[in-house]
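In what follows, a single structure is set out as structure tokens and then discussed.
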Amino acid sequence: MPGIIHFLHPEFLYGLAVLAIPVILHFFSFKKYKKVYFSNFNFLQSLQQQKRNSSRLKNLLLLLMRLLALGAIVTAFACPYIAPRQAPVSTHEKNQVVIYADNSFSMSNTGTHSSLLEEAKKHLFDILNTYPAGTTFFLLTNDNQNLPALSKEETIHAISGLKVTPYTRTLSEVFRTARELSREKKTTLFLLSDFQSGNCDFQQIVADTLTDPVFLILQPENTNNLYIKDVQFQQVFHQKNQNDKISVTLVNSSDKDVHNVPVSLTINGKKKGVTKTRIPAQGEQVVDLNYLNTENGFYKGIVEIADIPVVFDNKFFFSYNIEDKINILCIEQKEHLPYFEKLFADSTSFRFKTLNINQTANLRLNEYNLVILDRIEQYSSGFGSAIENYLKEGGNVFILPGERLSVDPLNNLLAKLHAPQLSQSDSATTIARIEEQSSLFKDVFEKQEANTALPYVKNFYHIQALPGTEKLLTDKKGNVLLAAQRTGQGNLYLSAFSYGPENSDMVYHPIFVPVMVNMSCNMNSNLNTSWFLNSHEPVYIARQGHGPDSRFVVQNEDNTLEFIPEIRKDFSGNLVMVNTADLKEAGLYNVFNNGTLVDVIACNYDRKESEMRFCNEQEIQKHFPQARVESIRSTQFDHNSDLVKDIVLQDNNRYISVWFILLAIFAVLLEQWIWKRKLM
């Protein structure tokens with residue numbers, strides 16, 4: 001279909017005014033004539049008239065060629081191109097364009113004029129306005145899922161509302177989506193991004209001959225960033241009146257050392273401490289912060305630094321819960337051992353209960369932090385299944401063997417739990433080594449003396465340890481006297497001997513206290529203290545009060561967001577929130593069950609966008625040698641707009657400046673030929 005000529009730089013057309021110069025020179029000839037004397041010029045009269053007519057024609061041709069050459073040069077500078085007429089076209093004839101607009105957090109970085117995302121919008125508008133009406137557009141961002149075909153006006157409206165998002169896409173995902181959208185059509189793919197190295201997975205990209213990529217690299221003016229990489233607890237579990245310590249990992253992605261960086265800690269809205277540190281160039285620094293757990297309940301923590309312009313990674317959120325009562329259940333069969341009860345009776349933080357094995361029907365084990373199985377001789381299949389499920393759901397079980405007759409039933413239960421088993425019996429030993437780095441004894445001892453008297457044991461069983469078994473207490477020969485095994489999401493503790501005073505002085509020894517207390521407190525360690533948005537890790541919900549009539553509601557701290565979570569149980573019986581896509585912003589989210597606060601979810605933004613490392617023009621060109629790759633610098637804003645328009649025109653084969661240049665050259669050559677041609 002015939003097209004209409006448009007100009008990329010119409011202001012150059014004012015230069016056509018120079019065409020007046022040769023016209024003026026033509027009408028006002030300044031040529032000097034030489035006087036020649038003839039005796040008789042009658043015979044020249046006819047020849048003079050003929051030469052005058054030939055000279056006039058020659059001058060007119062020269063003027064025309066000069067005007068044509070100057071006009072063609074000026075028009076070439078105005079960058080002419082042919083655009084289709086504004087008329088309906090068939091679906092088959094429509095152009096199809098896929099635009100990937102990177103709106104990840106790194107695009108909030110600043111350029112000279114504004115953020116990279118705002119500058120990208122300007123270039124996107126240039127692309128759209130250069131295409132004719134009837135072009136089909138697909139706008140691909142990091143957070144949109146459904147990609148309908150859009151008109152030019154619809155695409156402009158969608159781009160206007162574009163905002164930064166915590167989600168990212170790799171280049172392979174972008175190309176795969178573009179290939180799906182092309183539907184076997186020739187498609188131009190524009191990619192506007194800063195092209196962070198973490199998202200440039202060139203090796204995973206599948207070549208597609210129908211997709212013509214155009215890479216527009218937006219280069220930030222700022223490549224420095226400080227951010228909080230991670231927060232880790234020194235303690236495995238938390239208790240009231242316990243001094244907690246967290247280790248904060250800070251990263252400096254700049255090429256200069258940064259001094260006096262303030263790091264603040266806030267717990268439940270109250271400042272707990274501020275410290276300053278130095279972070280080396282392109283390095284990390286770990287900062288320890290201490291505070292005291294003064295009460296029971298939920299602890300909502302925020303670690304924060306100050307750094308601009310990239311601010312999404314300046315905060316790190318965490319949460320945990322300290323229960324007001326720790327419930328302990330002791331199940332026995334014949335003899336009652338009162339020492340467990342005496343240990344916990346003097347503390348208001350513990351609630352202790354004793355039951356006979358025959359009283360455990362319909363028992364809800366998940367209400368207890370620790371279940372002690374003391375010298376039980378028979379285990380029913382139903383009770384064994386209940387213990388197995390309790391461990392899978394994150395409970396703690398402590399098993400003490402009894403007489404030799406109880407070992408075989410106990411081994412059957414241990415086999416079902418995929419735990420270590422007891423073998424032959426032995427006698428007369430003493431605990432010689434405590435595994436101080438284990439979760440059970442960590443931070444219990446400031447310093448263990450070499451000659452410390454530890455409990456003796458008259459009779460014990462050898463424990464057949466499995467891979468992954470933690471050896472907590474051992475004797476001089478290396479025999480394991482207390483072992484720990486992770487089972488499901490819970491912890492199984494197996495003693496090699498009975499704690500009865502006739503067999504050991506364990507219940508009288510000071511080590512008895514940290515062993516039992518830490519077993520009781522090491523609960524729900526599988527629950528998240530923090531969770532990264534856009535990750536594949538599950539979000540666990542605490543099980544308190546969960547039942548068939550449970551009604552969960554999730555709210556953010558300022559009550560501006562509320563939704564009903566979709567909860568399911570995983571294979572271990574944990575409550576997992578399925579609709580994590582509703583958690584869109586970093587922060588602390590309260591989980592209510594029938595109006596009661598049962599959990600706090602701490603969400604953090606992924607730190608992938610924090611690394612200020614980018615793919616340059618040469619790297620992209622190496623993997624896409626046939627593609628158009630341009631670096632867009634914010635310091636050349638107006639030039640970039642012209643460059644983007646120029647790329648669009650070239651990719652659509654409507655750029656005709658070269659023809660006007662050829663026309664100018666032809667006009668100059670023809671003018672020279674006419675000039676040298678002799679008069680008749």
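For the single chain, residues carry numbers from 1 onward in sequence order.
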Side chains of Ile620 and Phe202: does their closest heavy-atom pair fall under 4.5 Å?
yes
Donor-acceptor pair, Asp307 side chain versus Leu226 backbone, under 3.5 Å?
yes
Is the closest side-chain heavy-atom distance between Ile434 and Leu472 below 4.5 Å?
no
State plainly whether the residues Lys471 and Glu435 are in salt-bridge range, i.e. N to O under 4.0 Å.
no
Are side-chain N/O atoms of Asp194 and Gln196 paired as donor and acceptor at under 3.5 Å?
no
Between Thr560 and Asp558, does any side-chain donor sit less than 3.5 Å from a side-chain acceptor?
yes
Under a 4.5 Å cut-off applied to non-hydrogen side-chain atoms, are Ser520 and Phe350 in contact?
yes
Quick test of your reading of the model: are Glu609 and Arg607 salt-bridged, counting only N-O distances below 4.0 Å?
no
Strictly by modelled atom types, are Asn369 and Asn327 linked by a side-chain donor-acceptor pair under 3.5 Å?
no
Close side-chain approach of Ile372 to Phe340, heavy-atom, < 4.5 Å
yes
Is it the case that more than 12 heavy atoms not belonging to His157 sit under 6.0 Å from its NE2 atom?
no
Distance-only, no hydrogens or angles: does the Gln282 side chain make a donor-acceptor pair with backbone N or O of Ser254 under 3.5 Å?
yes
To the nearest 0.5 Å, tell me how far Leu216 CG sits from Leu191 CG.
8.0 Å
Would you say the side chain of Met612 lies within less than 4.5 Å of the side chain of Phe614, judging by non-hydrogen atoms?
yes
Hey, what's the ring geometry for Tyr299 with Tyr320, parallel, tilted or perpendicular (30° and 60° as the breaks)?
parallel
Using 30° and 60° as the class boundaries, would you call the ring planes of Tyr605 and Phe312 parallel, tilted or perpendicular?
perpendicular
Is there side-chain contact between Leu140 and Ile99, with heavy atoms separated by less than 4.5 Å?
no
For the residue pair Asp102 / Asn142, report whether a side-chain donor-acceptor contact shorter than 3.5 Å exists.
yes
Of all the heavy-atom pairs spanning Pro467 and Gln485, show the shortest one and how long it is.
O-NE2, 4.1 Å
Is there a donor-acceptor pair under 3.5 Å between the side chain of Asn579 and the backbone N or O of Ala581?
no
I'd like to know if the side chain of Ser264 pairs up with that of Lys271 as donor and acceptor (distance under 3.5 Å, no hydrogens or angles considered).
yes
Taking all atoms of both residues into account, what is the closest heavy-atom pair of Tyr390 and Leu370, and its distance?
OH-N, 3.6 Å
Closest approach of Asp257 to Ala281 (non-hydrogen atoms, all atoms of both residues)
OD1-N, 2.8 Å
The test is side-chain contact (heavy atoms from CB on, under 4.5 Å); show your working for Met577 and Glu566 and say whether it passes.
CA-CA 6 Å; Met577 191 174 84; Glu566 182 182 348; 6.0 Å; no
Minimum heavy-atom distance Lys256-Asn252, with the two atoms named
O-ND2, 2.8 Å
Please check if the distance between the ring centroids of Phe215 and Phe195 is under 6.0 Å.
yes
Quick one: pull up CG in Leu171 and SG in Cys615 and give me the separation to the nearest 0.5 Å.
7.5 Å
Donor-acceptor side-chain pairing of Ser253 and Asn225 below 3.5 angstrom:
no
Do you see a donor-acceptor pair shorter than 3.5 Å between the side chains of Ser247 and Asp288?
yes
I'd like to know if the side chain of Asn593 and the backbone of Val598 have a donor-acceptor N/O pair within less than 3.5 Å.
no
CD on Glu611 to CG on Asp313, rounded to 0.5 Å
10.0 Å
For Ser319 and Val600, indicate whether the former's side chain and the latter's backbone hold a donor-acceptor pair under 3.5 Å.
yes
Is there a side-chain contact (heavy atoms from CB on, under 4.5 Å) between Glu284 and Leu250 once you walk through the steps?
CA-CA 6 Å; Glu284 297 184 359; Leu250 305 175; over 6 Å; no
Can you tell me how far apart CG (Leu162) and CG (Asn103) are? Round to the nearest 0.5 Å.
4.5 Å
For the student: nearest non-hydrogen atoms of Glu617 and Val629, plus distance
OE2-O, 3.2 Å
Between Asp201 and Gln203, does a side chain to side chain donor-acceptor pair (under 3.5 Å) hold up when you go through it step by step?
CA-CA 6 Å; Asp201 55 342; Gln203 305 301 328; over 6 Å; no
A quick test of your reading: do over 12 heavy atoms of other residues, nucleotides or ligands sit less than 6.0 Å from CG of Leu466?
yes
Do Phe552 and Phe592 have ring centres separated by under 6.0 Å?
no
Cut-off 3.5 Å, side chains only: do Asn491 and Arg486 have a donor facing an acceptor?
yes
Hey, mind stepping through Asn396 and Val371 against side-chain contact (heavy atoms from CB on, under 4.5 Å) and telling me if it holds?
CA-CA 6 Å; Asn396 297 312; Val371 175; over 6 Å; no
Electrostatic pair Glu557:Lys300 at N-O distance under 4.0 angstrom
yes
Donor-acceptor pair, distance only, cut-off 3.5 Å: does the side chain of Asn260 make one with the backbone of Arg278?
no
Considering all heavy atoms, the nearest Gly301-Ile267 contact:
CA-CD1, 3.8 Å
Are Asn109 and Ser106 linked by a side-chain donor-acceptor pair shorter than 3.5 Å?
no
Checking Glu295 against Asn293: is there a side-chain donor and acceptor pair closer than 3.5 Å?
no
Applying side-chain contact (heavy atoms from CB on, under 4.5 Å), run through Leu561 and Tyr589 and close with a yes or a no.
CA-CA 9 Å; Leu561 174 67; Tyr589 294 82; 3.7 Å; yes
Side-chain donor-acceptor pair present, Lys315, Asn604, cut-off under 3.5 Å:
no
Nearest 0.5 Å please: distance from the OG atom of Ser495 over to the CD1 atom of Ile399.
10.5 Å
Would a 4.5 Å heavy-atom cut-off, applied to side chains only, mark Asn290 and Ile246 as touching?
no
Would you call Glu118-Lys122 a salt bridge at under 4.0 Å N-O?
no
So, do Ile632 and His123 sit near enough that their side-chain heavy atoms are less than 4.5 Å apart?
yes
Could you state the interatomic distance from CG (Asn556) to CZ (Phe563), rounded to the nearest 0.5 Å?
9.0 Å
